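Reviewing the structure listed below.
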Amino acid sequence: MMSSQTLVGSLGGVALGPEDTGYDAARSGVQRAYLHRPSVVARVGGVADVQLTVRRAAQHGLAVAVQATGHGLNVPTEGGVLIDTSRMAEVRVDPASRTAWAAAGTRWEQVIDAAGEHGLAPLSGSSPDVGVVGYTLSGGLGLLSRGFGYAADHVRRVDLVTADGEIRSVTPGEDLFWALRGGGGNFGVVTGLEFGLFPVDRLYGGGLYFDTRHVPAVLRAYREWTATVPDAMSSSIGLIPMPDAPGVPAPLRGRHLAHVRIAYLGTLQDGERLVAPLRALGPRLVDTLGEMPFTATGTIHNEPKQPRNFYCANAMLSEFDASIPDAVLDLVGPGSGVFAVVQFNHLGAALAGQPEVENAVGHRGASHVLRVVTLPQGPDRDTAHEVAHGVTRAAAAWTLGRSPNFVQGDQKAYEQTRECYEPAAFDRLAALKAVHDPGNMFRCNVNIPPVGDSEHKLRRGTGCG
């Protein structure tokens, strides 16, 4: 086995092998159902560390995986090198140009707070604890996305180290700029992003929590309601079986909830008018809707921050057909005895069109995305997979493809890659992969193989199985 000293040398990075104290902590992110098992973890402190690590990995023919927070672990590496970018956490905000630059290990909460000092907001997602780079490279569906588009649509510059060990700064006008915005981690180790911010300091948002007996009616009504709202209204609904455990708020404990999440770029009065049909569906266990600072938007979904086991499947839907709610409820709804969290996000509006500078983000014609989260445990892992994919199959007749942001957990990520892109975009990405990473060093992800490669060659060499 290659030694950690051989890999990183005397630069600022710290390299850990399986025999070293701290190795398990360094390879572990938020996603704990699947863990990287690299030959070496390189805990990089800056761009020079990343460059040297990539060059050393190339010399030894090793695959390179990258992790900041580990929320969206696509394919865990077996062997190879894991670059841990969590120490590279830095934000710079330019209020005059309404832009921010975030280093590789930065979390959205750092950007939200820094931008908020200037009355600005990023296109961050439901959890401020998620890393900026991985989220954005795969598209980035945010709380304000119906109003402004995907996070990838507003990237201005990408700083990265490519497979040849070169440091690059990629801007509009280059084919690689198109590919990086939506193509995930296939083209290098991104060390920083510059992206646009928006003049949003407050919004109307929060959540409505309905009890178990109201879940079917709320889901059906939400489907109809999303056809009536303006572009400034972004929302989702989660069907969540809450455990009967001390850490769960008493009003929600042990109940199968329908949780409607709202983020509206409008006035309090208009927001109240728009959600009135939802409130009329029945009493709420909790109702947190109201005007809030953007810096508090992490409370809208109120997702847990602690590490956890989960598996995620998804389907981008051409339409939210009236038959889908009943099909989903029959499989994993209240009384089914199956544990699964189901979520529908309303898409469309600004998400439907290409940005001024086009990118690789696919399936812009989708009206909603269906996400399913299950909890793999030991021998029940295959069951958890089947439950998740069984729910998405219930919407197969309306499925355009997948979102790479929500493809997580095991080798099935390889099988779903083509479904994440339009056919012409996938072919273009594969051609660019052959130029920028012909050896497929960066394959521990929703992998786009180089033109001429084939499925059985994806895992060649050391790393990613």
Side-chain angles (χ1 to χ4, degrees), residues 68-69 71 89-103 105-158 181 192-207 229-236 261-268 270-271 274-275 288-303 305 345-351 353 355-357 359 361 405:
T69 67
H71 281 81
E90 180 187 355
V91 182
R92 298 195 296 267
V93 172
D94 183 344
S97 64
R98 291 180 180 170
T99 60
W101 180 88
T106 307
R107 298 173 186 253
W108 277 117
E109 60 190 353
Q110 298 168 263
V111 181
I112 291 168
D113 290 343
E117 295 178 7
H118 306 282
L120 299 171
L123 295 184
S124 50
S126 56
S127 172
D129 199 44
V130 167
V132 171
V133 169
Y135 164 97
T136 303
L137 293 180
S138 292
L141 177 63
L143 292 172
L144 306 182
S145 281
R146 275 178 48 84
F148 298 115
Y150 287 99
D153 297 346
H154 299 279
V155 171
R156 309 284 186 86
R157 185 181 90 242
V158 183
R181 296 171 306 128
L193 292 175
E194 182 183 301
F195 48 89
L197 300 172
F198 298 87
V200 176
D201 61 350
R202 302 189 70 80
L203 52 71
Y204 176 82
V229 299
D231 293 358
M233 174 66 78
S234 295
S235 67
S236 68
R261 300 78 168 250
I262 300 293
Y264 174 58
L265 292 168
T267 65
L268 172 64
D270 285 345
L274 287 166
V275 302
T288 65
L289 287 179
E291 190 177 51
M292 64 169 60
F294 188 84
T295 52
T297 51
T299 63
I300 294 175
H301 284 243
N302 203 29
E303 294 182 357
K305 289 188 174 184
N345 286 74
H346 187 201
L347 306 180
L351 294 162
E356 184 177 347
V357 180
N359 60 36
V361 175
N405 272 125

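Just so it is clear, the model here is predicted, and its values are computed rather than measured.
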- Item | Verdict with reasoning, Thr299 to Met292, per side chain to side chain contact (heavy atoms under 4.5 Å, CB included) | CA-CA 10 Å; Thr299 63; Met292 64 169 60; 4.0 Å; yes

- Item | Distance, nearest 0.5 Å, that separates CG of Leu193 from CG of Leu137 | 6.0 Å

- Item | Ala115 versus Leu197, closest heavy-atom pair with distance | CB-CD1, 4.0 Å

- Message: For the CZ atom on Arg202, are there more than 12 heavy atoms of other groups (residues, nucleotides or ligands in this structure) within a distance under 6.0 Å?
- Response: yes

- Task: Compare every heavy atom of Pro122 with every heavy atom of Phe294, then report the nearest pair and how far apart it is.
- Result: CZ-O, 3.6 Å

- Can you tell me if Arg181 uses its side chain to pair, donor with acceptor, with the backbone of Val357 under 3.5 Å? yes

- Does Asn405 use its side chain to pair, donor to acceptor, with the backbone of Tyr135 at less than 3.5 Å? yes

- Query: Side chains of Thr136 and Phe195: closer than 4.5 Å at any heavy-atom pair?
  - Reply: no

- So, for Gly105 and Gln110, which heavy atoms are closest and what is the spacing to 0.1 Å? O-OE1, 4.4 Å

- Query: Okay, side chain of Arg107, backbone of Asp129: is any donor-acceptor separation there less than 3.5 Å?
  - Reply: yes

- Rounded distance (nearest 0.5 Å) linking atom CG of Asn345 with atom OG of Ser235: 8.0 Å

- Query: Side chains of Asp201 and Pro293: closer than 4.5 Å at any heavy-atom pair?
  - Reply: no

- Heavy-atom donor-acceptor pair, Thr295 side chain to Asp113 backbone, under 3.5 Å: no

Cut-off 3.5 Å, no hydrogens considered: what does the side-chain donor-acceptor table look like for residues 140-154, sequence neighbours left out?
unit_1, atom_1, unit_2, atom_2, d
Ser145, OG, Gly142, N, 2.7
Ser145, OG, Gly142, O, 3.4
Ser145, OG, Gly149, O, 2.9
Arg146, NE, Met233, O, 2.6
Arg146, NH1, His346, NE2, 3.4
Arg146, NH1, Leu347, O, 2.6
Arg146, NH2, Pro230, O, 3.0
Asp153, OD1, Asn359, ND2, 2.8
Asp153, OD1, Arg364, NH2, 2.7
Asp153, OD2, Tyr150, N, 3.0
Asp153, OD2, Arg364, NH1, 3.4
His154, NE2, Phe148, O, 2.6

- In Å and rounded to the nearest 0.5 Å, what is the CG to CG distance from Asp94 to Leu120? 10.0 Å

- Between the OG1 atom in Thr69 and the NZ atom in Lys305, the distance rounded to the nearest 0.5 Å is 11.5 Å

- Task: Drop me the distance from Arg261's CZ to Thr297's OG1, to the nearest 0.5 angstrom.
- Result: 13.5 Å

- Note on the structure: One should read off an interatomic distance between Leu289 CG and Ile300 CD1, to the nearest 0.5 angstrom, of 9.0 Å

- Message: Under the rule for salt bridge (charged side-chain N to carboxylate O under 4.0 Å, His left out), what residues qualify as partners of Arg156, not counting sequence neighbours?
- Response: none

- Query: So, the side chain of Thr288 versus the backbone of Gly207: is there a donor-acceptor pair under 3.5 Å, distance only?
  - Reply: yes

- Query: Is the closest side-chain heavy-atom distance between His71 and Glu303 below 4.5 Å?
  - Reply: no

- Between Leu268 and Tyr204, is a side chain to side chain contact (heavy atoms under 4.5 Å, CB included) present by the stated rule, with each step listed? CA-CA 6 Å; Leu268 172 64; Tyr204 176 82; 3.6 Å; yes

